[in-house]
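Reading through the structure tokens given below for one structure.
In this text, all values refer to a predicted model and were calculated from it rather than measured experimentally. In what follows, chains carry the letters A, B, and so on, assigned in the order in which the sequence lines appear, proteins first and then strands, with residues in each chain numbered from 1.
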There are 2 protein chains.
Amino acid sequence: MSIVETADAEGSVSLHQRILSDISERIMSGAWAPGHRIPFEHELSAQYNCSRMTVNKALSQLAKAGLIERRRRSGSFVRRPQSQAAVLEIHDIRIEVEALGLPYRYERVARHKRRSSAEDRALLELGAAGPVLALECGHFAGERPFAHEQRLINLTAVAEAADEEFVAIAPGPWLIGRVPWSEAEHRIRAVAADRHIAAALDIAAGAPCLVVERRTWSADHPVTHVRFTYAAESHTLVARFTPSQG
Amino acid sequence: MSIVETADAEGSVSLHQRILSDISERIMSGAWAPGHRIPFEHELSAQYNCSRMTVNKALSQLAKAGLIERRRRSGSFVRRPQSQAAVLEIHDIRIEVEALGLPYRYERVARHKRRSSAEDRALLELGAAGPVLALECGHFAGERPFAHEQRLINLTAVAEAADEEFVAIAPGPWLIGRVPWSEAEHRIRAVAADRHIAAALDIAAGAPCLVVERRTWSADHPVTHVRFTYAAESHTLVARFTPSQG
DNA sequence: ATGGCGATTATGTATATACATATTGAAACG
DNA sequence: CGTTTCAATATGTATATACATAATCGCCAT
């Protein structure tokens with residue numbers, strides 16, 4: 001999320017947004033270095049000839065975005081960037097494939113309904129035993145395998161999934177829109193392909209693969225755990241930067 | 001950035017924040033599904049017995065966070081989640097290592113000052129030729145190699161780097177705080193270790209590695225390009241979720 | 001010196017009010 | 001019947017005002 005929304009498209013930006021982008025620019029350009037005290041609210045309201053509330057709106061947003069730190073009685077200060085946070089966009093695989101200009105094909109490989117094993121519960125971070133749906137799917141770009149999907153769905157949280165075959169539709173798009181998620185966690189790592197994955201992706205066993213695992217919660221209930229495995233050549237994750245706090 | 005900042009620690013939350021978290025919870029839990037019209041500002045201000053401005057503050061934040069969409073004359077509606085965006089925190093390697101409870105060691109392997117080659121310019125997305133500093137560094141966790149760093153610094157943008165040996169301090173921490181960055185781009189992928197990397201990380205050639213590349217700009221000038229290579233077992237990137245707009 | 005205390009100051013939150021703006025629905029008109 | 005116009009409505013922005021809260025400075029007494 002960019003802080004300054006519709007940056008000077010024309011002259012039709014609100015005052016507090018102009019104040020925000022003015023200050024934000026001075027920080028980004030380095031004119032106001034970390035630690036620098038930016039003008040007090042009453043000074044800015046005099047400069048811009050507006051009320052303190054308007055300035056306050058701009059500065060509050062800058063503080064929430066982590067660009068400045070506000071201290072009562074002392075003023076507002078440019079923050080030192082702490083941890084770099086990048087926004088990683090994780091799209092539906094169909095969209096990723098089609099962005100490459102290749103035809104997308106989906107295939108359901110396997111589907112098992114079972115009582116959750118200890119391993120299932122570990123993956124889903126599930127406390128008690130209950131029914132789960134285990135799925136294995138292939139995603140293709142043209143003729144080549146693009147990604148292999150191994151997914152667990154917590155049927156206690158998403159009972160309707162038990163009646164879905166997932167032949168015509170992939171579980172990802174099926175879940176999106178049906179289940180409101182509140183939280184998710186991604187783990188990204190490199191692995192060597194085991195025999196199973198090697199066969200699925202049509203690569204040599206031991207070849208490097210990128211693994212993206214996602215665990216999703218909805219209102220504190222585990223919903224799904226999915227592991228996507230990509231052959232090394234086929235995929236690069238791109239993350240754009242956000243100047244955020246630490 | 002979580003939308004509800006200090007969620008009900010005690011009763012000491014501001015009213016607009018309570019309104020925000022009330023609504024946010026109803027959306028997250030699915031009680032208010034995508035497309036649902038949430039109460040008008042004047043209705044909420046009656047419910048909470050507060051002014052419309054207070055409600056407006058809460059709803060504006062929800063809109064900016066992408067949870068709701070506001071339409072003049074029609075009201076505010078729960079948005080359908082579009083693209084999933086996760087926040088990827090990329091820390092300094094020292095911090096990552098120490099988080100594992102292992103002693104951290106840094107080592108500068110090589111340092112070359114040169115006129116930028118065509119490859120350098122491609123990596124930095126640099127237009128004209130100019131001096132660059134090429135660095136190669138090792139990061140160790142205990143006795144084991146943890147990550148290998150290959151870095152280019154654009155000396156046109158960061159002239160002072162020419163006088164730094166980078167023996168005592170790693171280029172990452174050196175650059176942070178000295179150069180205000182405004183933008184960065186990350187590329188994450190899996191590769192097979194070539195002989196050079198294999199030797200540096202003390203792994204077999206062809207073994208899978210996680211590569212994180214980062215390109216950084218400051219006020220539209222390319223500053224640095226860095227490639228971190230991790231042995232597969234040593235590292236997993238963790239990304240937390242943000243319910244963001246698309 | 002030093003420890004406490006009150007005054008000062010900047011931010012944090014909330015209010016009532018005002019007018020602008022976009023959009024919709026209905027009435028008026030050709 | 002279709003089009004234009006207009007009023008109603010919800011949000012968007014800005015104001016002046018008020019009081020709360022936290023942090024700091026300086027004064028004063030010990």
Side-chain angles (χ1 to χ4, degrees), chain A residues 1 3-23 27 32 35-79 245, chain B residues 1 3-23 27 32 35-79 245:
Chain A
M1 165 181 54
I3 308 163
V4 31
E5 305 288 279
T6 49
D8 41 50
E10 338 167 34
S12 67
V13 275
S14 56
L15 219 184
H16 72 262
Q17 213 163 67
R18 219 191 87 214
I19 299 175
L20 193 156
S21 62
D22 281 0
I23 295 174
I27 295 175
W32 287 349
H36 180 266
R37 209 209 76 227
I38 75 174
F40 296 128
E41 291 189 350
H42 69 264
E43 292 174 321
L44 287 167
S45 74
Q47 279 178 40
Y48 284 93
N49 193 34
C50 66
S51 78
R52 184 171 78 90
M53 279 299 295
T54 304
V55 173
N56 182 281
K57 195 166 186 175
L59 295 195
S60 300
Q61 289 188 40
L62 282 168
K64 180 170 314 201
L67 276 190
I68 66 174
E69 182 186 339
R70 315 201 68 190
R71 285 203 287 273
R72 279 167 151 139
R73 166 71 213 243
S74 309
S76 305
F77 299 82
V78 177
R79 283 194 60 169
Q245 92 290 13
Chain B
M1 164 181 53
I3 309 161
V4 33
E5 306 287 281
T6 49
D8 41 50
E10 343 165 30
S12 67
V13 275
S14 54
L15 219 184
H16 71 261
Q17 213 162 65
R18 218 190 88 214
I19 299 174
L20 193 157
S21 61
D22 283 359
I23 296 174
I27 295 175
W32 287 350
H36 179 266
R37 208 210 78 225
I38 75 173
F40 296 129
E41 291 189 350
H42 69 264
E43 292 173 320
L44 287 167
S45 74
Q47 278 178 41
Y48 285 92
N49 193 34
C50 67
S51 77
R52 185 171 76 89
M53 277 301 294
T54 305
V55 174
N56 182 281
K57 196 166 185 174
L59 296 194
S60 300
Q61 289 186 42
L62 282 168
K64 180 170 314 199
L67 276 188
I68 67 173
E69 181 187 340
R70 315 201 69 192
R71 286 203 286 274
R72 278 167 153 139
R73 166 72 210 243
S74 309
S76 304
F77 300 82
V78 178
R79 282 193 60 167
Q245 90 289 13

A:His16 NE2 to C:dA20 P, straight-line distance once rounded to whole Å:
18 Å
Determine: side-chain N/O of B:Ser74 to OP1/OP2 of D:dT9, distance under 4.0 Å, yes or no.
no
If I take atom CG in residue A:Leu20 and atom P in nucleotide D:dT13, what distance separates them, rounded to the nearest angstrom?
12 Å
Grab the two heavy atoms, one from A:Glu41 and one from A:Asn56, that are nearest each other, plus how far apart they are.
OE2-ND2, 2.9 Å
Residue-phosphate contact under 4.0 Å: B:Arg71 side-chain N/O, C:dA22 OP1/OP2
no
Using atom CG of B:Leu62 as one end and atom C1' of D:dT11 as the other, report the distance to the nearest whole Å.
15 Å
Just how far, in rounded Å, is P of C:dA14 from CD1 of B:Ile19?
8 Å
Stretch residues 50-60 of chain B: residues that reach within less than 4.0 Å of DNA chain D through a heavy atom:
B:Arg52, B:Met53, B:Asn56
Protein-nucleotide distance (A:Glu41, atom CD; C:dT13, atom C1'), rounded to Å:
12 Å
For B:Pro39 versus B:Trp32, what's the shortest heavy-atom pair and its separation?
CD-CH2, 3.7 Å
Choosing from C:dT11, D:dT11, D:dT13, which nucleotide comes nearest the side chain of B:Arg72?
D:dT11
For B:Arg73 and D:dA8, is the shortest distance between a side-chain N/O and OP1 or OP2 below 4.0 Å?
no
Integer-rounded Å distance: D:dT13 C1' and A:Arg18 CZ
15 Å
Check: B:Arg70/B:Ser76 side-chain N/O donor and acceptor closer than 3.5 Å:
yes
Could you tell me whether A:Arg37 and A:Glu43 have a side-chain N and a carboxylate O separated by less than 4.0 Å?
yes
Note: A:Ile19 and A:Val55 closest approach over all heavy atoms is CD1-CG2, 4.2 Å
Between C:dC19 atom C1' and A:Leu15 atom CG, what is the distance in whole Å?
15 Å
Write down the distance between CG (A:Leu44) and C1' (D:dA14), rounded to a whole number of angstrom.
16 Å
Do we see a donor-acceptor contact under 3.5 Å between the side chains of B:Gln61 and A:Lys64?
yes
Report yes or no: does A:Thr54 contribute a side-chain atom to a donor-acceptor pair with the main-chain N or O of A:Cys50 at less than 3.5 Å?
no
